[in-house]
Amino acid sequence: MTVPTLDIRDLRLGFKTYEAYIEVLHGISLSIAPGERVALVGESGSGKSVTARIVLGLLQLLRSARISGSVVFEGRDLDRLSARERRRLRGTRMTMVFQDPTSSLNPVYRIGTQFHEVLKRADPAMNERAARERAAQMLLEVSIDDPDRVFESYPFQLSGGMNQRVMIAMALANEPALLIADEPGTALDVTVQAQTLKLMRELVEHHHTSVLFISHNLGVVREFADRVYVIYKGRIVEQGPCASVFERPGHAYTRALMAAVPRITGGGLPDIGDEPRDFSQPLVVHESRGGHA
């Protein structure tokens, strides 16, 4: 039986405030097989990005955060690893592409310097020449034909689309098992976004990389992902193969998301129904035909 690249079980997150303990994730469970592209979709504030940051270990140091459940990566329970071991995984076996590439890259260092630092995470002994050759190879893979110019450039000297390609090249340079893409096309115009996502899809297939794709753009998700999880107010409410979920959505929230997609024909958008819900009551989770937990 194939071991999942990522297996999240009953993940819960809460924050201790002066007044009370507030839980914001309520038993998230999802899995990603090797080479599989899985999307996590939902409106802003539903818990998508914070789930990704828990996987990367970026919330463990917050004293106010309370995290429970299990996150197993390539058969290893991440909660049992030391802080040093988790740092080794970040940037090597698991990487992330953020929403805004320009602000994610360091504006005071040239691209070449930043690329070298990424490669040294996997091979501390790598010299500058070897790093430059590997970086040039990756930049060519993301259709950057003049890597030498890009190496000597600062992020603010490049366009948003170029910076996003650099980020994707950095994220895949160390052959990670898992790539987390958090709204990777949000900061780009529609044409560049489509080109970037097509390029990313081709690269992850070539490198056989598993992907957790976080988005609220249902059109992009339908084109990119194999399976989809729908998250609403910190809970998974539906999951399954993309085709099944999009053609036969079972949960009312999923149906409302589908209906809220703007159409050329115009018309008003439906009310998703964001009334506060009593979280003490059980929530029915819908699994579309062909899906699995």
Evaluate His251 against Val230 for side-chain contact (heavy atoms from CB on, under 4.5 Å), listing each step before the verdict. CA-CA 9 Å; His251 194 274; Val230 181; over 6 Å; no
The test is side-chain contact (heavy atoms from CB on, under 4.5 Å); show your working for Phe213 and Val38 and say whether it passes. CA-CA 6 Å; Phe213 186 79; Val38 170; over 6 Å; no
Worked verdict on Arg227 versus Arg37 for side-chain contact (heavy atoms from CB on, under 4.5 Å): CA-CA 7 Å; Arg227 287 192 302 118; Arg37 302 188 300 270; over 6 Å; no
Any chance you could lay out the side-chain contact (heavy atoms from CB on, under 4.5 Å) test for Leu179 and Leu212, step after step, and finish with the verdict? CA-CA 6 Å; Leu179 171 66; Leu212 176 59; over 6 Å; no
Quick one, His26 with Glu23, criterion side-chain hydrogen bond (donor to acceptor under 3.5 Å, both in side chains). Give me CA distance, side-chain angles, the key distance, then yes/no. CA-CA 7 Å; His26 316 280; Glu23 189 172 86; 2.8 Å; yes
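Between Met170 and Ile111, the closest heavy-atom pair is CE-O, 4.0 Å. For Gly75 against Val3, the heavy-atom pair with the smallest separation is N-CG1, 3.8 Å. Contact record, Asp10 with Ser29: N-OG, 2.9 Å, taken as the closest heavy-atom pair. Scanning all heavy atoms of the two residues, the minimum distance from Ser104 to Phe98 falls at OG-CB, 3.3 Å. Counting all heavy atoms, side chain and backbone alike, Leu6 lies closest to Val55 at CD1-CG1, 4.0 Å. The two residues Asp226 and Gly35 have their closest heavy-atom pair at OD2-O, 4.5 Å.
Within the 3.5 Å criterion, the main-chain N or O of Gly47 finds a donor-acceptor partner in the side chain of Thr51. Glu74 places no side-chain N or O within 3.5 Å of a backbone atom of Ala177 that could act as its donor or acceptor partner. Under the 3.5 Å distance criterion, the side-chain polar atoms of Thr95 are matched with a main-chain donor or acceptor of Ala171. With hydrogens and angles disregarded, no donor-acceptor distance shorter than 3.5 Å links the side chain of Arg84 to the backbone of Leu81. Although no hydrogens or angles enter the test, the distance criterion places a donor-acceptor pair under 3.5 Å between the side chain of Arg165 and the main chain of Val142. Looking only at distances, no side-chain donor or acceptor of Glu205 sits under 3.5 Å from a matching main-chain atom of Glu202. When atom types are taken as modelled, the side chain of Arg110 and the backbone of Pro155 share no donor-acceptor pair closer than 3.5 angstrom. Side-chain atoms of His207 do not come within 3.5 Å of backbone N or O of Thr209 as any donor-acceptor pair. Side-chain atoms of Gln157 come within 3.5 Å of backbone N or O of Tyr154 as a donor-acceptor pair. For the pair Lys120 (side chain) and Met126 (backbone), a donor-acceptor distance under 3.5 Å is absent.
To the nearest 0.5 Å, atoms CZ (Arg222) and CD (Glu247) are separated by 5.5 Å. Taking OG of Ser143 as the start and NZ of Lys198 as the end, the distance is 8.5 Å to the nearest 0.5 Å. Between the OH atom of Tyr229 and the CG atom of Leu40 there is a distance of 9.5 Å, given to the nearest 0.5 Å. Atom-to-atom distance recorded for Arg90:CZ and Arg88:CZ is 12.5 Å, nearest 0.5 angstrom. Taken to the nearest 0.5 Å, the CG atom of Asn163 stands 11.0 Å off from the CD1 atom of Ile168. One distance of note links CZ of Phe156 with CG of Leu105; it measures 12.0 Å at 0.5 Å rounding.
Within the 4.5 Å cutoff, side-chain heavy atoms of Met138 are placed close to those of Leu172. Looking at Asn217 and Ser215, their side chains come closer than 4.5 Å, going by heavy atoms from C-beta outward. Side-chain contact between Pro4 and Ile32 is absent, with no heavy-atom pair separated by less than 4.5 Å. Counting only heavy atoms from C-beta outward, the side chains of Asp77 and Arg80 approach each other to under 4.5 Å. Looking only at side-chain heavy atoms (C-beta outward), Cys242 and Val221 come within less than 4.5 Å of each other. Looking at heavy atoms from C-beta onward, Arg66 lies out of side-chain contact with Arg12 at the 4.5 angstrom threshold. At least one side-chain heavy atom of Met162 sits less than 4.5 Å from a side-chain heavy atom of Ile144.
When hydrophobic residues (I, L, V, M, F, W, Y) are linked wherever their side-chain heavy atoms come within less than 4.5 Å, the members clustered with Val108 are Tyr109.
Counting only N and O atoms by type, the side chains of Ser49 and Asp182 include a donor and acceptor under 3.5 Å apart. Between the side chains of Glu43 and His216, no donor N or O sits under 3.5 Å from an acceptor N or O. No side-chain N or O of His116 forms a donor-acceptor pair with one of Glu128 less than 3.5 Å apart.
For the pair Arg132 and Glu152, the salt-bridge criterion is met [side-chain N within less than 4.0 Å of a carboxylate O].
With sequence neighbours excluded, no residue forms a ring pair (Phe, Tyr, Trp, His ring centres under 6.0 Å) with Phe115. Under the rule for a side chain to side chain donor-acceptor pair (under 3.5 Å), Glu223 has no partner lying at least two apart in sequence or in another chain. For Thr5, the side chain to side chain donor-acceptor pair (under 3.5 Å) partners two or more places apart in sequence, or in a different chain, are Ser210. Here Arg121 pairs with nothing under the side chain to side chain donor-acceptor pair (under 3.5 Å) rule; sequence neighbours left out.
In terms of hydrophobic clustering, with Ile, Leu, Val, Met, Phe, Trp and Tyr side chains grouped at heavy-atom distances under 4.5 Å, Met258 and Tyr232 are assigned to a common cluster. Hydrophobic clustering of Ile, Leu, Val, Met, Phe, Trp and Tyr side chains at less than 4.5 Å, counting indirect connections, unites Phe15 with Ile231. Ile67 and Val50 fall within a single hydrophobic cluster, where Ile, Leu, Val, Met, Phe, Trp and Tyr are joined by side-chain heavy atoms under 4.5 Å apart, directly or via other members. Leu56 and Val72 fall into different hydrophobic clusters, where Ile, Leu, Val, Met, Phe, Trp and Tyr side chains are chained together by heavy-atom contacts under 4.5 Å. Met94 and Leu59 end up in the same hydrophobic cluster when Ile, Leu, Val, Met, Phe, Trp and Tyr side chains are linked at under 4.5 Å.
Taking the ring axis of Phe73 as reference, the NZ or CZ atom of Arg93 does not stay both within 45° of it and closer than 6.0 Å to the ring centre.
The salt bridge (Lys or Arg N to Asp or Glu O under 4.0 Å) analysis of residues 137-147, with sequence neighbours excluded, yields the pairs Asp146-Arg149.
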